[in-house]
> 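First the structure, then my questions, so here it is.
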Protein chains: 2
Amino acid sequence: MLPVHETGTCSVATAAEIVGSKWTVLLVHDLSEGPRRFTELERSCEGISPRTLAERLRWLEAEEMVVRRSYPESPPRVEYELTPKGTALLPIVHEMRRFGHEWLGCGVHDA
Amino acid sequence: MLPVHETGTCSVATAAEIVGSKWTVLLVHDLSEGPRRFTELERSCEGISPRTLAERLRWLEAEEMVVRRSYPESPPRVEYELTPKGTALLPIVHEMRRFGHEWLGCGVHDA
DNA sequence: CAGTATCCTCAAAGATACTG
DNA sequence: CAGTATCTTTGAGGATACTG
């Protein structure tokens, strides 16, 4: 996924890129409940590969939707947290969930 | 894109599929302003190939988000229109646009 | 723990030409 | 006009092994 400022597209199209790329919405939803560590996200996103998770997180960080906080302890600890910009994605996520519940008759078991 | 009932995923993930596949959001937005013909959509979605447009429309029709109305005139006329289910996508689209405007500083020129 | 490094697959979508 | 038929490309993302 290209950085947003290089896509040339804007607005809806960009939001579609964010929201449509696999795992991103799940990640944002997870992070909306507080800071999370790499392995926590790996576990809650059943099936995601570390490669993809790392890429997704780096992308979100580059877009300033997520901050990465590294605590140089041993064992190392890193936490990811939504920024205000990342939090601003939540209304989209909520509308997506509403749609799912109302029209797809599913999603009841989502977190 | 698979039919939704075959994906196994639900809710947010499904909405992400809908909303994330290229052109779909633009199409839904266009159709929100009234029935549109194939070529009209082709023109307003600058760059879309007829192959992709047809596929997208067939998919939306299969999901009952769009109805296809064919008038057997000469020359042939076909119109596509949002169903209530398709219309229910609009709140998502609106939140996506809001996000674009507020955080990406763009999208002002969108219809 | 928190990632990289590689390799690989597969499907979305572009380009183009053609048709009822 | 409203598509279909082919062929091709590209890149997202999976699997797996390895590392500071």
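Lettering of chains follows the sequences in order, A, B, ..., and the numbering in each one begins at 1.
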> Side-chain atoms of residues 55-68 of chain A: list all donor-acceptor pairs with protein atoms under 3.5 Å, sequence neighbours left out, distances to 0.1 Å.
{"unit_1": "A:Trp59", "atom_1": "NE1", "unit_2": "A:Leu2", "atom_2": "O", "d": "3.1"}
{"unit_1": "A:Glu63", "atom_1": "OE2", "unit_2": "A:Val4", "atom_2": "N", "d": "2.9"}

> B:Arg37 CZ to D:dC1 C1': how many Å, rounded?
7 Å
> For the pair made of CZ in A:Arg36 and C1' in C:dA2, what is the distance, rounded to whole Å?
17 Å
> Which residues pass the side chain to side chain donor-acceptor pair (under 3.5 Å) test with B:Ser49, sequence neighbours left out?
B:Thr52
> Can you check the A:Glu40 CD to C:dC1 C1' distance for me, whole Å?
12 Å
> Holding to salt bridge (charged side-chain N to carboxylate O under 4.0 Å, His left out), I want the full list of residues that pass it with A:Glu95, two or more places apart in sequence or in another chain.
A:Arg98
> Mind checking whether B:Pro91 and A:Phe99 have side chains closer than 4.5 Å, heavy atoms only?
no
> Figure out the CZ/P separation between A:Arg58 and D:dA12, and round it to whole Å.
13 Å
> Need the bend value for the helix from C:dC1-D:dG20 to C:dG20-D:dC1: angle between end axes, 5 pairs each end, nearest 10°.
60°
> Going by side chain to side chain donor-acceptor pair (under 3.5 Å), name the residues that satisfy it together with A:Thr83, two or more places apart in sequence or in a different chain.
none
> Just by protein heavy atoms under 4.0 Å, how would nucleotides 10-20 of chain C read 5' to 3' in B, S and -?
--SBBBB---B
> Over how many whole Å does the gap from B:Arg69 atom CZ to D:dC1 atom C1' extend?
19 Å
> Mind calculating the distance between CG (A:Leu53) and P (D:dG13) to the nearest angstrom?
12 Å
> Please report, rounded to the nearest Å, how far the P atom of C:dA2 is from the CD atom of A:Glu79.
9 Å
> Give the rounded distance in Å between these two atoms: CD of A:Glu73 and C1' of C:dC1.
11 Å
> Taking 4.0 Å as the cut-off, does a side-chain nitrogen or oxygen of B:Tyr71 come that near to OP1 or OP2 on D:dA2?
no
> Using OP1 and OP2 only, check whether a side-chain N or O of A:Tyr80 sits under 4.0 Å from C:dG3.
yes
> Picking from B:Ile18, B:Ile92, B:Val93, what satisfies side chain to side chain contact (heavy atoms under 4.5 Å, CB included) with B:Val25?
B:Val93
> Holding to side chain to side chain donor-acceptor pair (under 3.5 Å), I want the full list of residues that pass it with B:Ser44, two or more places apart in sequence or in another chain.
B:Asp30
> Quick test of your reading: applying side chain to side chain donor-acceptor pair (under 3.5 Å), list the pairs with at least one residue in residues 69-80 of chain B, sequence neighbours left out, ordered by first then second residue.
B:Arg69-B:Glu81, B:Glu73-B:Arg77, B:Arg77-B:Glu79
